[in-house]
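See structure below.
A note on names: the letters A, B, ... follow the listed sequences, proteins ahead of strands, and every chain is numbered from 1. This is a predicted model, so every value here is computed, not measured.
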Amino acid sequence: MHMTEPAQKLSISARAAPRPSFVDALNEEQRAAVEALDGPVLVLAGAGTGKTRVLTTRIANILASGRARPHQILAVTFTNKAAREMKNRIGKLVGGAVEGMPWLGTFHSIGVKILRRHVELVDLKSGFTILDTDDQIRLLKQLISAENIDEKRWPARQFASHIDGWKNRGLVPEKIPEGEAFAFANGRGRELYAAYQRRLKELNAADFGDLLLECLRLFQDNPGVLSEYHNRFSYLLVDEYQDTNVAQYLWLRLLAQGTGNLCCVGDDDQSIYGWRGAEVDNILRFEKDFPGAQIIRLERNYRSTANILGAASGLIAHNEGRLGKTLHTVGGEGEKVTVQGVWDDEEEARLVGEEIEQLQRQDHALNDIAILVRASFQMRAFEDRFITLGLDYRVIGGPRFYERLEIKDAIAYLDVTLNPANDLKFERIINTPKRGLGSATLQIIHSHARSRSIPMAQAARELIETEELRPKPRKTLSDVLAMFDRWRGQIETLPHTELAELILDDSGYTAMWQKDKSPQAQSRLENLKEMVRFMSEFDSLAGFLEHVSLVMGVDREESEDRVNLMTLHSAKGLEFETVFLPGWEEGLFPHQRHLDEAGQAGLEEERRLAYVGLTRAKTRAKISFTQNRRIHALWQTAIPSRFIDELPEAHVEAIEGQEKFGNYGMNRFDQADGIFSNAYDTPGWKRAKRNAQSEGQPAARRGPLTIDGELVASSTASSSDFEIGERVFHMKFGYGRIAQIDGNKLIIDFDKAGQKRVVDSFVKRH
DNA sequence: TTCAATCGTCTTTTT
DNA sequence: GACGATTGAA
């Protein structure tokens with residue numbers, strides 16, 4: 001693709017005009033991107049070149065120059081985190097006036113905002129609900145079985161991803177290509193999709209894809225509405241443009257027909273959401289779709305050392321489909337990127353743990369360390385190890401707060417209280433806690449609701465007036481409905497946090513977990529409390545529920561110093577002094593499934609993911625791979641990732657295994673089949689053999705005690721005030737009895753989790 | 001209707 | 001090896 005370059009020189013008058021001081025801090029290209037306010041602009045911003053800075057300064061510049069008021073700027077990001085970050089940074093630049101930027105947010109949140117103003121035009125009613133993935137699957141299941149399609153053969157989950165894919169491409173049922181319509185349930189795909197959309201309208205609900213698709217349809221079908229927004233927005237800004245999907249692209253293009261002042265910032269090398277419908281092509285097509293577009297490249301990297309950047313650039317150069325750019329470092333050489341092979345994931349975790357402790361001794365802040373994994377299951381080994389070491393860590397983007405069972409249940413209660421017509425939520429909690437309203441009763445309610453096409457709650461109300469139900473469920477059902485009526489009556493009078501507590505207590509939901517003796521019950525109760533506490537930040541129940549449906553997690557403000565553990569995907573946009581990149585093995589990274597599904601394109605996307613990972617590091621990047629990994633509970637010999645050999649020699653240091661693994665990679669094909677059948681005389685092999693032999697005796701399962709012993713000596717000296725034989729409770733492992741004490745480390749026989757070695761501050765007396 | 005046991009499926013990434 | 005769904009017994 002042909003491009004104009006470098007950025008056009010500014011006119012004399014522009015250069016002579018007084019400019020706000022914040023512009024001075026920018027380099028030439030950045031300044032060009034900030035000051036080119038008219039017409040379409042594409043900023044190709046490599047990793048660490050000050051992308052966010054350009055976006056925020058640009059907005060500050062628009063505001064400071066008086067060209068637009070805050071509410072006339074539309075700025076879209078992909079994540080809530082990015083939106084928040086942007087708000088903060090603009091606030092710092094222009095001094096707090098960001099509160100008046102109502103149109104800075106994620107594509108989805110802005111979509112909802114627009115839809116809510118024009119509900120009637122998209123066939124919804126005010127206060128429509130947003131379905132989460134769970135509800136969506138439940139609904140699809142019902143539809144599939146109602147159509148007499150074998151749910152085993154055609155799983156709802158799979159259909160959900162089809163629908164998602166269509167919506168990402170802006171396709172309504174009538175528009176999906178023949179072939180694809182036939183791909184599901186022997187050609188009934190389109191019919192099912194249409195039925196699903198109808199059902200959504202009946203429920204007065206929209207799923208995630210609809211937030212954009214319906215918005216798009218709104219603009220397409222109502223030119224008047226569209227031009228209203230043309231007048232409203234004088235400037236459009238888009239972050240992470242490489243991640244936009246077709247629907248988002250079409251949406252942007254419609255809006256940009258207004259003033260044409262569209263500025264997109266992105267990096268084709270960091271496009272890692274192809275599986276979610278992102279089209280890198282959007283970035284390649286920019287010039288064609290927006291004639292006269294200025295293209296500005298930011299190639300000065302302020303983040304990483306030359307070695308890290310060199311390694312990353314060398315790697316990404318193996319991709320063919322890219323615009324190509326050359327990043328230059330501003331910083332020095334720095335350390336080389338290290339690559340090290342280890343025996344298995346436990347040893348990998350042990351190695352990383354040791355290195356972190358060493359860094360810690362050199363006063364390296366834990367906050368500035370990240371471990372970036374390809375798939376979340378890899379986190380487990382690290383968590384186990386860090387718990388053992390007593391090393392503080394946090395999981396970013398891990399199990400999302402609102403995806404937790406107890407939170408979803410609680411939210412379902414709140415939702416049904418506010419909106420009795422929400423069938424999916426109603427179904428979810430009608431028998432939670434167990435009240436004796438099983439599938440039989442539910443079935444009756446369901447068919448009654450369907451035949452009269454009324455919400456289930458109303459159907460239930462009618463049914464308790466009849467003889468159709470047996471006396472016991474009839475009584476229970478009537479009680480439950482009365483409960484909801486009572487709560488509903490208190491919405492106006494009671495503060496919403498108190499109402500939430502009341503609902504959770506009255507319904508018996510809290511009691512249910514209090515009775516539960518499982519290890520997680522305690523933390524579930526705490527999560528519920530956390531949720532209520534969090535609710536106080538909103539001024540109404542409805543406001544809270546809206547937030548919940550759009551934002552997946554609560555990012556608690558955490559000031560403690562902790563190691564960061566996250567997936568590569570959630571690391572995009574972040575930076576750390578030291579980055580560990582474990583699990584660089586064929587099959588895992590690049591991930592086999594992605595390769596199978598998307599072939600060469602998939603491989604390139606995986607490579608971009610590796611690039612993103614490396615470029616998160618400012619001073620230190622440490623790659624590792626294991627020789628053996630357990631997949632589906634059975635051991636497999638792992639082959640080092642091809643990405644490792646693609647790294648340019650000059651910037652990489654291969655660390656020989658401390659345990660004489662020296663010639664990893666060389667002998668890997670010589671290894672005979674079967675578990676641990678390579679008879680190499682290495683400590684790792686012996687250890688593995690020990691572990692294999694002691695299967696069934698949990699006592700010996702945890703790695704080599706000698707290594708643990710050394711670490712214990714180095715990391716702590718204080719002794720514990722627990723006693724052998726005491727019953728204790730641990731957040732992760734549940735209840736157990738102390739078997740042995742070693743300094744401040746306890747060896748505990750857990751009822752469920754077996755024997756573990758744990759730091760005493762992690763357990764409570766029971 | 002509920003509970004316990006068993007079977008089968010799957011483990012990529014997310015708004 | 002973990003979870004869900006399904007099955008059968010109380």
In whole angstrom, give the distance that lies between atom [atom1] of [X] and atom [atom2] of [N].
X      : N      : atom1 : atom2 : result
A:L131 : B:dT15 : CG    : C1'   : 14 Å
A:R428 : C:dG4  : CZ    : P     : 11 Å
A:R157 : C:dG4  : CZ    : P     : 10 Å
A:R470 : B:dT1  : CZ    : P     : 8 Å
A:Q158 : B:dC10 : CD    : C1'   : 14 Å
A:L212 : B:dT14 : CG    : P     : 18 Å
A:N245 : B:dT15 : CG    : C1'   : 10 Å
A:Q142 : C:dA5  : CD    : P     : 13 Å

- Message: Taking salt bridge (Lys or Arg N to Asp or Glu O under 4.0 Å) as the definition, give me every residue that meets it alongside A:R253, ordered by chain and number, with sequence neighbours left out.
- Response: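 So A:R253 forms a salt bridge (Lys or Arg N to Asp or Glu O under 4.0 Å) with A:D289.
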- Item | Pairing residues for A:D281 by the salt bridge (Lys or Arg N to Asp or Glu O under 4.0 Å) criterion, not counting sequence neighbours |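 In terms of salt bridge (Lys or Arg N to Asp or Glu O under 4.0 Å), with neighbours along the sequence ignored, A:D281 is linked to no residue.
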- Kindly indicate, with the supporting measurements, whether the criterion salt bridge (charged side-chain N to carboxylate O under 4.0 Å, His left out) is fulfilled by A:D243 and A:K572. CA-CA 12 Å; A:D243 289 334; A:K572 193 162 68 156; 2.3 Å; yes
Candidates [options] - which lies nearest the side chain of [X]:
X      : options                : value
A:R276 : B:dC3, B:dT12, B:dT14  : B:dT14
A:T567 : B:dT15, C:dG1, B:dT14  : B:dT14
A:K141 : C:dG1, B:dT14, C:dA5   : C:dA5
A:A440 : B:dT1, B:dT15, B:dT12  : B:dT1
A:T79  : C:dG1, B:dT15, B:dC3   : B:dT15
A:S570 : B:dT15, B:dT14, B:dT12 : B:dT14
A:R593 : B:dT12, B:dT13, B:dT2  : B:dT12
A:S376 : B:dT14, C:dA2, B:dT12  : B:dT12

- Item | pi-stack flag for A:F208 and B:dT15, centroid dist under 5.5 Å, interplanar under 30° |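 Yes, A:F208 stacks on the base of B:dT15, since the ring centres sit under 5.5 Å apart and the planes are within 30°.
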- Please indicate yes or no: is the ring centre of A:F107 less than 5.5 Å from the centre of the six-membered base ring of B:dT15, with the two planes inclined by under 30 degrees? no
- Query: Could you go step by step and tell me if A:H569 and A:Y273 meet the ring-ring contact (aromatic ring centres under 6.0 Å, His included) rule?
  - Reply: CA-CA 8 Å; A:H569 282 87; A:Y273 285 107; 5.3 Å; yes
- Message: Please determine whether any donor N or O and acceptor N or O are separated by less than 3.5 Å between the side chain of A:H108 and the base of B:dT15.
- Response: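 It does, because a donor-acceptor pair links the side chain of A:H108 to the base of B:dT15 below 3.5 Å.
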- Message: What's the gap between B:dT13 and C:dG4 when it is taken at their P atoms, as a whole Å value?
- Response: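 So the two P atoms sit 16 Å from each other.
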- Reckon A:S109 touches a base, only the sugar-phosphate, or nothing at all at heavy-atom distances under 4.0 Å? nothing
- Query: Taking for each residue the nucleotide of DNA chain B bearing the nearest heavy atom, is the 5' side occupied by A:K434 or by A:L609?
  - Reply: A:K434
- Item | B:dT15 OP1/OP2 closer than 4.0 Å to side-chain N/O of A:N168 | no
- Query: Going from NZ on A:K425 to CZ on A:R138, what distance comes out if it is rounded to the nearest 0.5 angstrom?
  - Reply: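 Reported value, rounded in 0.5 Å steps: 7.5 Å.
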- Query: Can you tell if the side chain of A:R616 reaches within under 4.5 Å of the side chain of A:L568, non-hydrogen atoms only?
  - Reply: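 They are not in side-chain contact.
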